[in-house]
Each structure stands twice: as structure tokens, then as C-alpha cells.
Amino acid sequence: MPKQKQLQDIISHCKEYGFVFQSSEIYDGLQAVYDYGQMGAELKKNIKDYWWYSMTRLHDNIVGIDAAIFMHPTVWKASGHVDNFNDPMIDNKDSKKRYRVDHLIEAHAATLDEAAGKELVAKMELLLAADDFAALKQLIEDNKIKCAISGTANWTDIRQFNLMFDTQMGSTSTEEDDKVYLRPETAQGIFVNFLNVQKTGRMKIPFGIAQVGKAFRNEIVARGFIFRMREFEQMEMQYFIKPGTQKEWYEFWKQARTNWHKTLGIPAEQYHFHDHVKLAHYADAACDIEYNFPDWGFKEVEGIHSRTDFDLGRHQEFSKKKLTYFDTEENKHYVPYVIETSIGLDRTVMMVLSEAYEEQDLSTAEKQDSRVVLRFAPHLAPIKLAVFPLTKKDGLPDVAKELMDICRPHFKCFYEEKDAIGKRYRRQDAIGTPFCVTIDHQTLEDRTVTIRHRDSMEQERIPMDKVKDIVLEKIKQF
RNA sequence: GCGGGAGUAGCUCAGCUGGUAGAGCGACAGCCUUCCAAGCUGUAGGUCGCGGGUUCGAACCUCGUCUCCCGCUCCA
């Protein structure tokens, strides 16, 4: 019987076997920043490649791009990130409730008579424009504005939370105008290149643009291992469609993404769909694909959004460049609608790790025994094949190395001759290697080897010449 | 951000009323050669998260700080 999974055990395992380390650990780490180790990097890359090929190879009408992390500052005005994430906030210390300062003051102004209310709002707007937070707090205190929940006026200082990291472009510059942001999402890199790709790729609607890349969010509270990091990687695909067809395409991608998730080797009951009732400003439909994480329950891994023409429309407005498509069937120009699929790569890594992790009790009447095994889908496993000579004598290592030479160019292999064979198997279980091949004395006679399967722990004897093709067949993605 | 818990070897942890660190597993080298871990011999690895204070003396008391986990909050 597998033991109940605990997040803490999985995190320890990730550290112990080189999947995930805390960033800058020797300096006490950096909050909510993590590094992938030798195993984690392979796992992550396998997931990334699998997504990329699922999008760009299996769909003739989806192409991939790789946009820069830095973008023109106006991009973030057009996207709404600057306006929506720069509001000064204030917390009530008693109720712990956080308010947007402008909302708090406006709500209070509404309770005053008209002239006084207008005067208060006017004062507030002057101070907001000047970013004078101390005076704003004074204004709140002078007006004896209270928290609706606690009824007290016990406020923290006003703070400005900015989701976006910024830096200066140009080494000597300190001008506000030269501020550039580290992108908080990858989607905008696709939208601003919409026309470039459509024209140069001669793309016809409907078509998609896929991208994998880093994004950065200066979260106020970032926690939860690699689930919510300040620097993270997204895999996004924006699908450009004819206005009016968004319902069908939304359903299509919902289904397509669900099917993709099933091929990760995760059972359907571990997933939930969560349809958004309250929609973001750009969306006319949205849902999350949620995975049942240990300890946490269902949490979002992927979002599918029907974004209408909001993004292209805004970029058209801000850039004053036409971002329309000429539809030869309809014989007219229009701004395409967009269906977005956006999946967190790090969250997917965590999901795959969580699902794969299993502590098994293998005890028999005679002896206690257990193992930790990562039951990765073979195409995602960091190492596909381990090759073991049963002993390091009698020329067995030479034959094993011969097999290594045959397999090495095709998939990631691992060779080991140290320790008892059982111990070597268990070490591979712990990093999720699906196949182990052992060269024994019979191999010297008839060129057969045993292949041992990770999940069943069963072995079969096969010709050594077939190992490569058997493993290739099992790790085939499509 | 608030509240709670925690940080000692790669991992899990012990360490009494303060007397300058231990175990198990793991790792490494060798023996054994055996198809499912814990057999034998040996080795390495810790200024006890970091910094200050109290003390003759701090892993232990105290203050600060960093990091992680849980709950709330937040979450395009």
C-alpha cells in the first residue's frame, strides 16, 4: 500500500535527489526563488519539449516564437498591467483587511454631503498624483475613516505594491522614462508580434502562436515551493480566430488541453475544471485546469481564456498601428479574437512530481522492505535507461559499455557498476528511471539481457540488440 | 502583511537544569559477486541558519535577522 503523500516528503526528496534546490542556498536562500538541479532540469526540459511539440508539431497552423523578456514600456500600459497593479494600498491592523486607498476614501466621500465629498476626492486625487503617501494617510486619519469590518482606524502606512519588477535601460540613466519591466506574462510578446508572424508565415485564421519563457512577478506573498515563484516559466499559446467563433474554439481548446494532460500519466480524477464566474477585464469566458496537490487540494495549473479582441485592440489603440487581418473568405478586415491556453511550467513540474511520488511498503513475512519510486510517464523521466553489469568482473562491464554506446545517442542513459544490483535498482526508482538493463554471465553466451520495469519491478529476458528499440518505443510521445 | 510552528551531517532526527556535538539512513573507497535496499572493513562530512547580547562557558537563555512549512490574506 502506498503511503499518504505529504508535500514535505516530496520537497525533501527533490532536494536529496537533485530535482530542486533553493536559490543561493549557501547564502540562506532567496525567498520564493528555486533552482532546478541535474534531475529537475531534465524533467522540466522534457515537459517543456513535450508541450512545444504538442503545439507546434501536431498542429500545422501553430508556430512558435521566442520573444524578449524586455518589452517597450507602453506594452504594459496597453495590457493594463501598469494601471491595475500600481494602486497604493493600506491595511487595517485589526481586521487585517487590505484596501485600495482610492476606494477607501471614495467610499467615505460617498457618505458625506455632496460638497464635502467632492472636496475630499479632489484632495485625494492631488495627493495620489503626487504619490504623497504620508499626506494620504493623514487625510484618512483626519477624516476618521474606519475599516468597515473592524470599525477601527488602526491603519498601517500606505504602501505601493507593484507586481512588476523594473530596471533601467541604459547604464547611467535614472529617468523614469527609461524604466523597463521584466515581463509579468509572456502573452504580450505574442500579441505584439501577431502581424509579423501572420505576414511572414503567411498564416491564415484560425492559427496559433506558441511560446515558452520566463516571466516575473513581484508577489507580495510568494509561497508554496515551486508553485508560486517570483521568477517562473510559462507555456502559452494564443489562438487567433474569427470574431463570433470564440465559443466553439474555447470548447475545442478546453478539450484539447484536457487530452494533453491525460497523456502525462495523471488519472482524470486528479483534475478539476473550474469555470470562472467573475471574469477578468479582457475575458468573455475562462476556466482553470486544477490538479489535486498533496496537502493543498485542487490548485490551478493551466488557464484557458477567451480574450476577445481586447489585447490586439488595445495594442492597436496604443501603438496606432493597424492590427487587423484580411479575411479572404469574408472579404473584410477585422481584429481577430483570441483563445489563450496558458500553463505554468514549474507548476506542471510540481504536478508531475507530486503524482509520480510514491512510498511503497514491500515487506514480506520474512523481512521489512520499502522503496520510494517516482512513477513518471516514461517520456518525461529524466533518465530513460540504466545499464548495470551484474558484477564488475568477468568482462561484464565491457559488454555493458557496449550497450551504453548503442543507446547513448538516442536517449539519456546512466551506467553504474557499484553496489548490489538491488540497491542500484532502488536508486533508479528514486529518480524515476523507467528501465534498467542488467548484463549477466548469460549475456556473454547468448547476448541476452534482463530488462527490469520500474513500476512492476518485473524482469524479462530480451536480446541485447533490441534494448534500444524497445526503450524508444516505450518513450515515444505520440 | 498577520498569527502559529520550525531551522543541528546529503536526508530523518537525538542532544537533560547552559560545560564547545551524536545516531540511523545515505555518500565515498575496498572486500563479497549475489537479479531487488539495510553483510564486512575503512573514510569523508557540521564554526548547531546568520549576527549581536548575557555568561568563566551558549546548539540550549535573550534580541535581531534570513529561510521554510501551516492557517488567514493576496493572487490577470
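All values below were derived from every heavy atom in this structure, side-chain atoms included, with hydrogens, water molecules and symmetry-related copies excluded. The sequence lines fix the lettering, A, B, ..., with proteins before strands; numbering per chain opens at 1.
In a base pair of the Watson-Crick type (N1 to N3 plus N6-O4 or O6-N4) or a G-U wobble (N1-O2 and O6-N3), with each distance short of 3.5 Å, B:C25 is matched with B:G10. Both distances falling under 3.5 Å, in either a Watson-Crick or a G-U wobble arrangement, occur for no nucleotide opposite B:U55. The pairing partner recorded for B:G71 is B:C2, the criterion being a Watson-Crick or G-U wobble arrangement whose two distances lie under 3.5 angstrom. With a 3.5 Å ceiling on both atom-pair distances, the Watson-Crick or G-U wobble partner of B:U65 is B:G49. Base pairing annotation: B:C60 forms no Watson-Crick or G-U wobble pair, as no partner gives both donor-acceptor distances under 3.5 Å. Look at B:C40: its Watson-Crick or wobble partner, with both distances under 3.5 angstrom, is B:G30.
Rounded to the nearest Å, the gap between the P atom of B:A37 and that of B:U20 is 41 Å. To the nearest whole angstrom, the two P atoms, one in B:C36 and one in B:G42, are 28 Å apart. Separation of the C1' atoms belonging to B:U41 and B:G52 is 47 Å when rounded to the nearest angstrom. For the C1' atoms, the distance from B:C50 to B:C35 is 49 Å, rounded to whole Å. Taking atom P on both B:U43 and B:U8, the two are 26 Å apart, rounded to the nearest angstrom. Between B:U67 and B:G26, the distance separating the two C1' atoms is 24 Å to the nearest Å.
With hydrogens and angles left out, the side chain of A:D440 and the base of B:C35 share a donor-acceptor pair within 3.5 Å. Looking at A:R223, its side chain comes within 3.5 Å of the base of B:G71 through a donor and an acceptor atom. Side chain A:Y27 to base B:C50: no donor-acceptor pair is found below 3.5 Å. On a pure distance criterion of 3.5 Å, no polar donor-acceptor pair joins the side chain of A:S12 and the base of B:C11.
Counting non-hydrogen atoms of neighbouring residues, nucleotides and ligands closer than 6.0 angstrom, the NZ atom of A:K412 reaches no more than 12 such neighbours.
A side-chain donor-acceptor contact under 3.5 Å links A:E340 and A:Q238. Checking A:Q8 against A:Q6 by side-chain atom types alone, no donor-acceptor pair falls below 3.5 Å.
Heavy atoms of A:L390 sit under 4.0 angstrom from at least one base atom. Heavy atoms of A:Q459 sit under 4.0 angstrom from at least one base atom. At a threshold of 4.0 angstrom between heavy atoms, the contacts of A:Q22 are confined to the sugar-phosphate backbone, with no base atom among them. Nucleic acid contact class of A:Y34 (heavy atoms, under 4.0 Å, all strands): sugar-phosphate only. No engagement by A:R371 is indicated, since no non-hydrogen atom pair under 4.0 Å with the nucleic acid exists. Residue A:F225 is in sugar-phosphate contact alone, with no base atom involved, counting any heavy-atom pair closer than 4.0 Å across all strands shown. A:R217 comes within contact range of the sugar-phosphate backbone alone, with a heavy-atom separation under 4.0 Å but no base atom that close.
Across B:C68, B:A37, B:C28, the shortest atom-to-atom separation from the side chain of A:D419 is found for B:C28. Among the nucleotides B:C69, B:G10, B:U33, the one closest to the side chain of A:E16 is B:G10. Out of B:A76, B:C69, B:U33, the shortest distance to the side chain of A:K393 is found at B:U33.
Qualifying salt bridge (Lys or Arg N to Asp or Glu O under 4.0 Å) partners for A:E251, counting only residues two or more places apart in sequence or in other chains: none. Remark: A:D369 engages A:R426 in a salt bridge (Lys or Arg N to Asp or Glu O under 4.0 Å) (not counting sequence neighbours).
Atoms CD (A:E417) and P (B:C35) sit 17 Å apart, rounded to a whole Å.
Residue A:T433 forms a side-chain hydrogen bond (donor to acceptor under 3.5 Å, both in side chains) with just one option from A:R454, A:R427, A:Q428, A:R452, and that option is A:Q428.
Of the side-chain N and O atoms in A:Q31, one or more sit less than 4.0 angstrom from OP1 or OP2 of B:C68. Within the 4.0 Å cut-off from OP1 or OP2 of B:C11, at least one side-chain nitrogen or oxygen of A:K15 is found.
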Using the ring pair (Phe, Tyr, Trp, His ring centres under 6.0 Å) rule, take A:F273 and A:Y271 through it: C-alpha gap first, then chi angles, then the decisive distance, then the call.
-> CA-CA 7 Å; A:F273 276 99; A:Y271 285 109; 8.1 Å; no
